[in-house]
Chemist: 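After the structure tokens below, expect a handful of questions from me.
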Amino acid sequence: MASAALVTASAAQQDAADRQRMVQEIDAMLPLAAGTSGVARLSPRVGAAMTEVPRHEFVPLEYRSAAYRNRPLPIGHGQTISQPVIVALMTELLQLAKTDKVLEVGTGSGYQAAILSVLTREVYTIEIVPELGKMARANLERLGYGNVSMKIGDGYEGWSEHAPFDAIIVTAAPNHVPPPLIAQLKSGGRMVIPVGDFVQQLMVLVKHADGTATTTIIVPVRFVPLIRE
Ligand code: SAM
């Protein structure tokens with residue numbers, strides 16, 4: 001028993017060291033990945049969240065040894081957990097406050113939702129593939145991310161019962177910004193979203209008090225398409 005406990009402890013130490021190295025790599029890559037955004041460094045808050053959240057718990061067993069490489073990985077059903085540097089960039093672009101209520105479209109593994117959970121008050125996340133949604137919910141519950149609510153459905157429509165949101169992050173690419181998501185964003189709120197069919201651009205949308213919005217193109221990206229029900 002004692003030796004099994006030692007093996008578990010040293011595996012946890014190894015995971016923590018690998019995570020630390022991944023965060024250093026993200027920090028070094030961020031100026032290149034950040035396009036026009038001006039994000040030059042990982043902020044201490046986002047860096048701490050990415051150092052804390054155990055990415056290996058969100059990937060299928062066969063990919064665990066690659067969990068702390070800076071790359072997307074398959075999670076089944078033709079979907080992926082996003083590349084860590086892109087998770088970092090999108091999270092930085094949201095400019096989250098601890099008091100924020102955030103909507104994520106595209107739960108996937110639940111990893112991005114866990115990062116949001118550490119940084120904000122309340123997280124709502126929507127996944128269209130039921131099997132992924134169930135897996136993500138199980139991951140988030142097992143790891144104790146209690147401020148995350150998850151539902152299975154079409155995130156294009158948002159989650160009106162919990163709107164308005166301070167911030168919205170979309171992790172699959174529609175070919176236009178879904179109007180229901182703009183409607184569910186607070187005045188002054190920010191949305192980070194990849195938009196496009198073949199060529200996609202990561203955009204930041206800021207909603208103004210009069211209901212209009214300004215979008216800024218940040219960098220070309222490659223996401224799975226947003227599926228419609
Ligand atoms: N954020 C995820 C994570 O941390 O693992 C990665 C997201 S993966 C790149 C995109 C996800 O969006 C997939 O799980 C896909 O099934 C989901 N998706 C696609 N269209 C959707 C829609 N209309 N509503 C909700 N989720 C959708």
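As the structure lists them, so they are numbered: ligands from 1, and atoms in each ligand from 1. Note: hydrogens, waters and symmetry copies are ignored here, and every other heavy atom, side chains too, is used. Along the sequence shown, residues are numbered consecutively beginning with 1.
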Chemist: Taking all heavy atoms of T80 and all of P72, pick out the closest pair and write down the distance.
Modeler: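 Looks like CB-CB, 4.5 Å.
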Chemist: Which ligand 1 atoms are under 4.0 Å away from a heavy-atom of V129?
Modeler: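 Atoms satisfying the 4.0 Å criterion: 16 (O).
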Chemist: Might you point out which heavy atoms bring F58 and Y111 nearest each other, and give the distance in Å?
Modeler: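 F58 and Y111 have their closest heavy atoms at CD2-N, 3.5 Å.
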Chemist: Please list, in number order, the atoms of ligand 1 under 4.0 Å from a heavy atom of G153.
Modeler: 24 (N), 25 (C)
Chemist: Show me which atoms of ligand 1 lie under 4.0 Å from any heavy atom of S82.
Modeler: 6 (C), 9 (C)
Chemist: Please write down residue, atom name and distance for the protein heavy atom closest to atom 23 (N) of ligand 1.
Modeler: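 Here the closest protein heavy atom is I227 O, 2.5 Å.
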Chemist: Measuring from atom CZ of F165 to atom CG of L103, what distance do you get when rounded to the nearest 0.5 angstrom?
Modeler: 4.5 Å
Chemist: Does G155, backbone or side chain, put an N or O under 3.5 Å from an N or O of ligand 1?
Modeler: yes
Chemist: Which ligand 1 atoms are under 4.0 Å away from a heavy-atom of I81?
Modeler: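 Going through ligand 1 atom by atom, the ones under 4.0 Å from I81 are 5 (O).
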Chemist: Please lay out, stage by stage, how K151 and E127 fare under the test salt bridge (Lys or Arg N to Asp or Glu O under 4.0 Å).
Modeler: CA-CA 6 Å; K151 80 166 179 179; E127 171 56 52; over 6 Å; no
Chemist: Does the N or O separation between S109 and ligand 1 drop below 3.5 Å for any pair?
Modeler: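 So ligand 1 has an N or O lying under 3.5 Å from an N or O of S109.
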Chemist: Considering the heavy atoms of V224, write down every atom of ligand 1 situated less than 4.0 Å from one of them.
Modeler: 9 (C), 10 (C)
Chemist: Checking contacts here: is it the side chain or the backbone of T107 that comes within 4.0 Å of ligand 1, counting heavy atoms only? Could be both or neither.
Modeler: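 For T107, the contact with ligand 1 is made by the backbone alone.
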Chemist: Side chains of E92 and S43: is there a donor and an acceptor less than 3.5 Å apart?
Modeler: yes
Chemist: For ligand 1, is there an N or O atom under 3.5 Å from any N or O atom of G106?
Modeler: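 Yes; at least one N/O pair falls below 3.5 Å.
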Chemist: For R41, is the CZ atom crowded, meaning more than 12 foreign heavy atoms sit under 6.0 Å from it?
Modeler: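 Counting neighbours around CZ of R41, 12 or fewer heavy atoms of other residues, nucleotides or ligands fall under 6.0 Å, so no.
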Chemist: Step through the shown structure and confirm whether more than 12 heavy atoms of other residues, nucleotides or ligands are within 6.0 Å of CZ on R21.
Modeler: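 Enclosed: over 12 neighbouring heavy atoms sit under 6.0 Å from CZ of R21.
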Chemist: Please work out whether any backbone atom (N, CA, C, O) or any side-chain heavy atom from C-beta onward of L132 is under 4.0 Å from ligand 1, and answer side chain, backbone, both or neither.
Modeler: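 For L132, only side-chain atoms sit under 4.0 Å from ligand 1.
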Chemist: Would you indicate which of Q112, Q83, E127 comes nearest to atom 17 (C) of ligand 1 when only heavy atoms are counted?
Modeler: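 Of the listed residues, E127 has the closest heavy atom.
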Chemist: Where is the nearest protein heavy atom to atom 13 (C) of ligand 1: which residue, which atom, and how far?
Modeler: Q79 OE1, 3.3 Å
Chemist: Between R228 and Y156, is NZ or CZ placed under 6.0 angstrom from the six-membered ring centre and within 45° of the ring axis?
Modeler: yes
Chemist: Compare every heavy atom of R71 with every heavy atom of P84, then report the nearest pair and how far apart it is.
Modeler: CD-N, 3.5 Å
Chemist: Taking the non-hydrogen atoms of E104, is any one of them nearer than 4.0 angstrom to ligand 1?
Modeler: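 Under 4.0 Å: yes for E104.
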Chemist: Considering I128, I169, V87, which one's heavy-atom position lies nearest to atom 18 (N) of ligand 1?
Modeler: I128
Chemist: Give me the atom names and distance for the closest heavy-atom approach of A34 to V39.
Modeler: CB-O, 3.2 Å
Chemist: Check ligand 1 against Y111 and write out every atom of the ligand that is under 4.0 Å from a heavy-atom position of the residue.
Modeler: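 Going through ligand 1 atom by atom, the ones under 4.0 Å from Y111 are 4 (O).
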Chemist: Within the distance-only criterion (no hydrogens, no angle test), does the side chain of R190 pair as donor or acceptor with the backbone N or O of A167 below 3.5 angstrom?
Modeler: no
Chemist: Between L116, T171, L226, flag the one that comes closest to atom 9 (C) of ligand 1 by a heavy atom.
Modeler: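 Of the listed residues, T171 has the closest heavy atom.
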Chemist: As an exercise, identify every atom of ligand 1 less than 4.0 angstrom from a heavy atom of T80.
Modeler: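 Numbered from 1, ligand 1 contributes 6 (C), 7 (C), 8 (S), 9 (C).
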Chemist: Counting only heavy atoms, which portion of H77 has something under 4.0 Å from ligand 1: side chain, backbone, both, or neither?
Modeler: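 For H77, no heavy atom sits under 4.0 Å from ligand 1.
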Chemist: Under 4.0 Å from any heavy atom of A172, which atoms of ligand 1 are there?
Modeler: 12 (O), 19 (C)
Chemist: Within this structure, what is the OG1-CD1 distance for the pair T120 and I115, rounded to the nearest 0.5 Å?
Modeler: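 One gets 11.0 Å once the value is rounded to the nearest 0.5 Å.
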